[in-house]
Protein chains: 2
Amino acid sequence: MFKIGEIAKQAGVTTRTLRYYEQVGLFVPSNVSTKGYRYYDDGTLVVITRIRELQRVGLSLDEIKEVIGLYFHQKKKVEAKEKTLNYLRVHLDDIDSKIKLLNNVKKELKEQMQFTQSRLVQLRKKGRKSGGSKN
Amino acid sequence: MFKIGEIAKQAGVTTRTLRYYEQVGLFVPSNVSTKGYRYYDDGTLVVITRIRELQRVGLSLDEIKEVIGLYFHQKKKVEAKEKTLNYLRVHLDDIDSKIKLLNNVKKELKEQMQFTQSRLVQLRKKGRKSGGSKN
DNA sequence: TTCCACCTTTACCTTAACGATAAGGTTAAT
DNA sequence: ATTAACCTTATCGTTAAGGTAAAGGTGGAA
């Protein structure tokens, strides 16, 4: 069990961030002492990492809150499981559309790179012909 | 040439958004009348779309400002082109890392879906055995 | 027991990306 | 010339995701 400062360090975030995550309902400490100290196990580390990943690809904490539970096995009954499956599907669709977008962007960037690269070579040739030795 | 309300509509954003983009330096109207009216050509439409895409995949307007120019051919000289190429490379790396992240997330989601699905089937079997007809 | 590093809550501050409203000017069809 | 529909700048408000500081309580090593 780690104190808040310890997992914060391990996860590369501040304690403020962890308390904020707790406040918005992303997770709770595995254990809270009678004096109010928060203690976490290393499962929390995995959760934090996942949250950061999802944030990085553009999800808001609110959206993350909706889906974060999906990553961790939970015992529920039929109804709940069907709801979960629906969330999973929606989330997956969203991710697929983002992947497609990024691949488009990537393609155009590569084209642009080729274009720029070739223009650069041309400029260099001209530069040599007209006498410039450097640059 | 379109007035601001027209491209706004076509692009699916508000005029406020367009003026804000202008304010933060993302682009300028193709033309401004003496009375201050902004006029845009449909090239702007492409730019807006690209901005929205990049926003969707998690870039801030500040980051977008750094890279948006890269998508549109510009005549520059050698030095500038090399700088551009570097930006392109960095941007591409960032995108690649995001794609990888998303693919990981996707993989785990699919696993989780399989797991949930099979548990659901099991629960249904048990439900039938022990007498429940619906749910 | 002392002491420092760490913890607690509370509360105010900040930045990004707009939304909403006010007060007034413009355009173009009638 | 009038009028509706659009435009302008200016300003204030809002939400998200924390940062930062204040004032005080804890834990554990010496």
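Naming: A, B, ... by sequence-line order, numbering from 1 per chain.
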Taking CG from L54(B) and C1' from dA16(C), how many angstroms apart are they, rounded to a whole number?
17 Å
Could you verify whether a donor N or O on one side chain and an acceptor N or O on the other, from Y87(A) and E66(A), lie under 3.5 Å apart?
yes
Please tabulate the protein-to-nucleotide N/O contacts below 3.5 Å involving nucleotides 18-20 of chain D, giving atom names and distances.
unit_1	atom_1	unit_2	atom_2	d
dG18(D)	OP1	R52(A)	NH2	3.3
dG18(D)	OP2	Y21(A)	OH	3.3
dG18(D)	OP2	Q55(A)	NE2	2.6
dG18(D)	N7	R16(A)	NH2	3.4
dG19(D)	OP2	T14(A)	OG1	2.8
dG19(D)	N7	R16(A)	NE	3.1
dG19(D)	O6	R16(A)	NH2	2.9
dT20(D)	O4	R16(A)	NE	3.2

Contacts of S60(A) and Y40(B) projected onto DNA chain D by closest heavy atom; the upstream (5') one is Y40(B)
CG of L59(A) versus C1' of dA17(D): gap in Å, rounded?
15 Å
Can R89(B) and D94(B) be counted as an ion pair, charged N to O under 4.0 angstrom?
no
Checking all strands, does R38(B) fall into the base, sugar-phosphate, or nothing category for heavy-atom contacts under 4.0 angstrom?
sugar-phosphate
What do the steps show when you test V90(B) against N86(B) for side-chain contact (heavy atoms from CB on, under 4.5 Å), and what is the final call?
CA-CA 6 Å; V90(B) 172; N86(B) 279 331; 5.6 Å; no
salt_bridge(E22(A), R16(A)) N-O dist < 4.0 Å
no
Would you say a side-chain N or O of K35(A) is under 4.0 Å from OP1 or OP2 of dT26(D)?
yes
Between K106(A) and E53(B), is there a salt bridge with N-O shorter than 4.0 Å?
no
Residues in contact with DNA chain C, drawn from residues 63-70 of chain A - heavy-atom cutoff 4.0 Å
none
May I have the distance from Q23(A) (atom CD) to dA17(D) (atom C1'), rounded to whole angstrom?
10 Å
Find the distance between CG (L18(B)) and CD1 (I4(B)) and round it off to the nearest 0.5 Å.
5.0 Å
Between dT9(D) atom C1' and E22(B) atom CD, what is the distance in whole Å?
12 Å
If I take atom OH in residue Y37(B) and atom P in nucleotide dC6(D), what distance separates them, rounded to the nearest angstrom?
11 Å
Distance-only polar pair, side chains of S33(A) and R38(A), donor-acceptor under 3.5 Å
no
5'-most contact on DNA chain C: D62(B) or K3(B), nearest heavy atom basis?
D62(B)
Return the minimal non-hydrogen interatomic distance between V57(B) and K98(A), and the atom names on each side.
CG1-O, 4.1 Å
List the steps, then state whether side-chain contact (heavy atoms from CB on, under 4.5 Å) holds for R56(B) with S97(A).
CA-CA 10 Å; R56(B) 172 138 210 289; S97(A) 103; 2.8 Å; yes
Interatomic distance, Y39(B) OH vs dT8(D) C1' [rounded to whole Å]:
12 Å
Distance, rounded to the nearest Å, where R19(B) contributes CZ and dC7(D) contributes P
7 Å
Using atom CD1 of I4(A) as one end and atom C1' of dG25(D) as the other, report the distance to the nearest whole Å.
16 Å
Please classify the nucleic acid contact of S33(A) as base, sugar-phosphate, or nothing, using heavy-atom distances under 4.0 Å.
nothing
